[in-house]
Amino acid sequence: MTEAADNPQQAKNADPQRPETEEAVSFGFEQVSPEEKTRRVGGVFAAVADRYDLMNDLMSLGTHRLFKRMVLQMAGVREGHHVLDLAGGTGDMAALFAPAVGAQGRVVLTDLNRPMMQVGRDRLLDQGISQVEFCQAPAEQLPFADDSFNCACISFGIRNFTDKDQ
C-alpha cells in the first residue's frame with residue numbers, strides 16, 4: 001500500500017485533476033469541482049433545451065413517457081394536492097400532474113436551467129395549462145418550508161445533481 005492510501009486527505013489530493021480545496025465529483029470520465037459540474041450540466045441543457053423532448057423520445061423509443069405515466073399513477077395525487085416537480089426541465093411531468101391536482105391544486109416546477117424552464121412554460125401555456133409555477137433553484141437549496149407539498153418527484157434529473165445526498 002502507498003502512503004496516500006493510508007492518509008485519505010493525501011489520497012484525495014493525489015489526483016492532479018482534483019481540486020485541493022474541495023471534494024471533486026464526476027462529470028463523465030472527469031473529476032471536477034462541484035461548481036464546474038453544475039456549470040457544465042447547465043451548458044449541456046441550455047444547448048439542447050428546444051430539442052430535449054424529441055431527443056428523449058428518440059433515445060428511449062418513447063418508453064420514458066410510459067415511465068412518467070406510471071409515476072403519476074403511483075404518486076396518488078388528487079384534486080387540491082400540492083406537487084413539487086424537481087429538475088422539471090421542459091415540464092412534461094408538470095403537464096401530467098396539473099390536471100390531476102386541478103384548479104385548487106398546485107404544481108411547482110423547479111430547475112436550475114432557465115432555457116429548459118422557458119421551453120416548458122411556453123409548451124404548458126400552449127396546452128392551456130396555466131396553474132404550474134416555475135422556480136429556478138437548485139434542488140439542494142429549495143426556498144420552500146418543510147411539508148409544503150403532498151408529493152415530490154424527480155424524473156431523470158437526479159443523475160445531474162452534484163450532491164445527491166443533500
Side-chain angles (χ1 to χ4, degrees), residues 25-28 30 32-166:
V25 295
S26 293
F27 181 80
E30 289 182 76
V32 298
S33 71
E35 294 78 16
E36 179 66 9
K37 177 179 179 174
T38 299
R39 188 187 67 71
R40 288 185 184 188
V41 168
V44 168
F45 285 100
V48 300
D50 58 341
R51 301 178 306 276
Y52 179 78
D53 293 307
L54 174 62
M55 290 170 46
N56 268 350
D57 283 338
L58 294 174
M59 289 189 298
S60 74
L61 301 176
T63 57
H64 74 104
R65 294 190 183 278
L66 297 173
F67 293 140
K68 290 175 181 182
R69 291 200 181 280
M70 288 172 53
V71 168
L72 175 66
Q73 289 178 334
M74 293 171 65
V77 297
R78 298 184 303 277
E79 183 85 27
H81 274 187
H82 294 185
V83 175
L84 178 62
D85 184 8
L86 292 159
T90 59
D92 51 352
M93 280 307 302
L96 294 174
F97 280 120
V101 302
Q104 301 304 311
R106 176 181 183 209
V107 177
V108 178
L109 183 155
T110 66
D111 203 293
L112 271 180
N113 195 284
R114 183 172 296 278
M116 291 284 283
M117 290 193 309
Q118 288 172 329
V119 168
R121 185 200 63 223
D122 293 347
R123 180 175 298 131
L124 293 176
L125 289 174
D126 288 347
Q127 294 173 10
I129 300 171
S130 60
Q131 75 264 42
V132 175
E133 300 170 32
F134 292 84
C135 175
Q136 185 176 2
E140 299 92 345
Q141 299 171 3
L142 295 173
F144 308 112
D146 290 348
D147 300 321
S148 295
F149 299 94
N150 302 95
C151 172
C153 101
I154 301 173
S155 293
F156 299 102
I158 198 165
R159 67 180 177 241
N160 301 310
F161 287 9
T162 300
D163 189 345
K164 292 173 183 65
D165 291 336
Q166 188 179 358

**Report entry** Test item: Met93 and Cys153 side chains (from C-beta on) under 4.5 Å apart, heavy atoms
**Finding:** yes
Report task. Give a yes or no answer on whether the side chain of Asp85 reaches the backbone of Ala94 with a donor-acceptor pair at less than 3.5 Å. Result -> yes
Query raised in the report: From Arg123 CZ over to Thr90 OG1, what is the distance, rounded to the nearest 0.5 angstrom?
Result: 5.0 Å
Requested in this report: Identify the two heavy atoms, one from Pro138 and one from Leu112, that lie closest to each other, and give their separation to 0.1 Å.
Outcome: N-CD2, 3.5 Å
Query raised in the report: Are side-chain heavy atoms of Leu124 and Phe134 found at a separation under 4.5 Å?
Result: yes
**Report entry** Closest heavy-atom pair and its distance - Ala139, Leu86
**Finding:** CB-CD2, 3.9 Å
Query raised in the report: Can you name the nearest heavy-atom pair linking Asp111 to Gly89, along with the distance?
Result: OD2-N, 2.7 Å
Query raised in the report: Quick one: does Leu125's side chain get under 4.5 Å of Arg121's, heavy atoms only?
Result: yes
Report task. Quick one: closest heavy-atom pair of Val108 and Cys135, and the distance? Result -> CG1-CB, 4.2 Å
Query raised in the report: Rounded to the nearest 0.5 Å, how far apart are CG of Asp92 and NZ of Lys68?
Result: 3.0 Å
**Report entry** Interatomic distance, Cys151 atom SG to Arg78 atom CZ [nearest 0.5 angstrom]
**Finding:** 11.0 Å
Requested in this report: Using a cut-off of 6.0 Å, state whether more than 12 heavy atoms not belonging to Asp126 lie near its atom CG.
Outcome: yes
Query raised in the report: Under the side-chain contact (heavy atoms from CB on, under 4.5 Å) criterion, do Arg106 and Val101 qualify, and how do the steps go?
Result: CA-CA 7 Å; Arg106 176 181 183 209; Val101 302; over 6 Å; no
Query raised in the report: Given side chains that start at C-beta, do those of His82 and Ser148 come closer than 4.5 Å, heavy atoms only?
Result: no
Query raised in the report: Could you state the interatomic distance from CD (Gln136) to CD (Gln118), rounded to the nearest 0.5 Å?
Result: 8.5 Å
Report task. Looking only at non-hydrogen atoms, find the nearest pair between Val77 and Ala100 and report the distance. Result -> CG2-CB, 3.6 Å
**Report entry** Check: Gln131 side chain, Ala98 main-chain N or O, donor-acceptor pair, under 3.5 Å
**Finding:** yes
Report task. Would you indicate whether the side-chain heavy atoms of Leu84 and Thr110 approach each other to under 4.5 Å? Result -> yes
